[in-house]
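What follows is a short report on a single structure.
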Amino acid sequence: MKTRRLGTKGPAVSAVGLGCMSMSQAYGTRNDEESKKTLQRALDLGVTFLDTADVYGEGHNESLVGEAIQGRRREVFLATKCGILFGERGRGLDGSPAHIRQACEASLKRLGTDVIDLYYLHRKDPKTPIEESVAALVALVKEGKVRHIGLSEVAPATLKRAHAVHRITAVQSEYSLWFREPEEGILPACRELGVGFVPFSPLGRGFLAGASVQRDTLAEGDMRLGLPRFQGENLKRNERLRAALAELAGAKGLSLPQLALAWVMAQGAEVVPIPGTKRVRYLEENAAAADAALTPADLAAIEAALAANPPSGERYSPDMMAWVDRG
Ligand SMILES: NC(=O)c1ccc[n+]([C@@H]2O[C@H](COP(=O)([O-])OP(=O)(O)OC[C@H]3O[C@@H](n4cnc5c(N)ncnc54)[C@H](OP(=O)(O)O)[C@@H]3O)[C@@H](O)[C@H]2O)c1
């Protein structure tokens with residue numbers, strides 16, 4: 001597996017990571033045994049940049065990852081996140097120093113480790129100045145509990161304020177062939193500051209992977225049932241985009257998910273996607289995308305396909321949009 005550096009001075013990680021969220025929530029049903037096999041296979045393939053969060057499955061995901069990497073912790077670059085509440089305190093955001101400290105201790109315990117390689121604030125908490133949240137993360141770095149600090153879905157202005165307190169190693173934001181908003185703000189800001197950029201949902205939550213996402217094939221509780229892009233006319237229009245991209249992928253000898261991953265990786269050397277899956281077969285397919293190179297002609301053909309079939313619908317429902325930091 002090739003490696004990439006998270007930003008200009010950041011650590012080297014596997015060029016393709018593994019998002020672990022769907023092993024515990026969001027898309028389809030859990031299968032812990034298959035998920036653990038997927039995690040083991042990831043390490044065998046050198047896919048060692050693992051992404052979890054305390055909120056995924058309300059702690060289930062961190063415990064699962066912790067169990068699967070037992071005895072292999074040194075091979076892993078382990079990223080997790082805090083700041084979205086779950087459990088008794090209900091849903092909400094908390095980036096207060098007290099919460100960050102308590103959340104970190106709980107994550108370390110579930111992950112079965114004494115240090116987190118990359119600890120993200122999952123969302124900026126509007127009630128807590130970002131400087132205070134970052135200072136709490138810095139304290140954890142000083143204590144050796146965290147190696148690197150990250151932020152998720154922040155606006156460029158928030159990143160700049162945070163980076164003035166302490167070096168931010170990576171920003172994680174949604175970025176894919178069908179969601180390119182980062183190009184207008186956070187991606188150039190990361191470049192300017194030498195911060196790594198980690199696209200989440202690089203496969204459009206499965207839509208750009210060819211998995212069946214028709215409403216009647218999604219299990220009850222699948223979060224995509226509530227996302228505008230997976231509904232009605234939007235879905236129909238988006239199917240046309242998917243078909244156009246699938247054709248380009250086929251002509252290149254790639255699968256659609258491989259094309260989608262190769263495309264985000266072609267946007268800059270500091271871009272390290274974390275496609276999510278709970279299945280060995282998908283993991284292997286996605287890992288192989290690290291070796292897929294797109295030519296300028298391929299990239300131009302993709303631009304033309306996107307221009308002819310622009311993605312339709314908001315990426316989030318209004319309640320999820322309310323949590324996105326606007327700076
Ligand atoms: N910071 C944030 O706020 C945030 C938000 C969302 C996600 N994330 C992180 O980013 C990671 C990736 O994002 P994501 O999981 O939302 O979306 P994604 O990577 O765009 O897509 C995941 C979906 O694609 C399917 N899939 C994966 N590879 C496939 C393949 N080769 N062929 C067919 N289908 C395939 C998966 O199926 P199966 O599940 O059935 O394997 C899953 O349903 C998450 O796991 C999580 O760690 C972070």
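Each ligand, and each atom within it, is numbered from 1 in the order the structure gives.
Across F200, Y56, F179, Y316, heavy-atom proximity to atom 6 (C) of ligand 1 is greatest for F200. By heavy-atom distance, the residue among T277, L18, N286 lying nearest atom 28 (N) of ligand 1 is N286. Residue nearest to atom 3 (O) of ligand 1, selected from R205, M21, R123: R123 (by heavy-atom distance). Heavy-atom proximity to atom 37 (O) of ligand 1, evaluated over W178, Y27, Y120, Y282, is greatest for Y282.
A heavy-atom separation below 4.0 Å is not found between G28 and ligand 1.
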Which donor-acceptor pairs under 3.5 Å do the side chains of residues 272-281 make with protein atoms, sequence neighbours left out?
{"from": "T277", "atom 1": "OG1", "to": "R279", "atom 2": "N", "distance (Å)": "3.0"}
{"from": "K278", "atom 1": "NZ", "to": "S22", "atom 2": "O", "distance (Å)": "3.4"}
{"from": "K278", "atom 1": "NZ", "to": "Y27", "atom 2": "O", "distance (Å)": "2.7"}

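Using a 4.0 Å cut-off between a side-chain N of Lys or Arg and a carboxylate O of Asp or Glu, R315 and E174 qualify as a salt bridge.
Counting heavy atoms closer than 4.0 Å to ligand 1, residue K278 contributes atoms from both its backbone and its side chain. With a 4.0 Å cut-off on non-hydrogen atoms, P257 touches ligand 1 through its side chain and not its backbone. Within the 4.0 Å heavy-atom criterion, the part of R224 lying near ligand 1 is the side chain and not the backbone.
When each atom of ligand 1 is checked for a heavy atom of P275 under 4.0 Å away, the hits are 19 (O). The distance from ligand 1 to the heavy atoms of D51 drops below 4.0 Å at these ligand atoms: 9 (C), 46 (C), 47 (O). Within ligand 1, the atoms closer than 4.0 Å to a non-hydrogen atom of S22 are 39 (O), numbered from 1 in the order shown. Set against the non-hydrogen atoms of S152, the atoms of ligand 1 under 4.0 Å away are 1 (N), 2 (C), 3 (O). Contact atoms of ligand 1 toward G19: 11 (C), 44 (C), 45 (O), 47 (O) (distance under 4.0 Å to a heavy atom of the residue). Taking a cut-off of under 4.0 Å to the non-hydrogen atoms of P202, the atoms of ligand 1 that pass are 19 (O), 20 (O). Of all atoms in ligand 1, numbered sequentially from 1 with element shown, those under 4.0 Å from a heavy atom of K81 are 1 (N). Taking every heavy atom of H122 and a limit of under 4.0 angstrom, the matching atoms of ligand 1 come to 1 (N), 2 (C), 3 (O).
Between the side chains of Q172 and D51, a donor-acceptor pair is found at a separation under 3.5 Å. Residues T113 and R73 have side chains that bring a donor and an acceptor to within less than 3.5 angstrom of each other. When only modelled atom types and interatomic distance are considered, Q25 and R30 share no side-chain donor-acceptor pair under 3.5 Å. Checked by atom type, the side-chain pair T52/N61 shows a donor-acceptor distance below 3.5 Å.
At a 3.5 angstrom cut-off on N or O pairs, E153 does not count as close to ligand 1.
Using cut-offs of 30° and 60° for the angle between ring planes, the F49 and F77 rings count as perpendicular.
Between the side chain of Y56 and the backbone N or O of E62 there is no donor-acceptor pair closer than 3.5 Å.
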Requested in this report: In sequence, state the C-alpha distance, the side-chain angles, and the governing distance for D32 and H60, and then conclude on side-chain hydrogen bond (donor to acceptor under 3.5 Å, both in side chains).
Outcome: CA-CA 10 Å; D32 288 358; H60 173 268; 3.2 Å; yes
Query - Chi angles and distances behind the side-chain hydrogen bond (donor to acceptor under 3.5 Å, both in side chains) call for E75, T48 - result: CA-CA 7 Å; E75 295 170 54; T48 51; over 6 Å; no
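For the pairing with D125, the side-chain hydrogen bond (donor to acceptor under 3.5 Å, both in side chains) check across H122, R123, K127 returns one residue only, K127.
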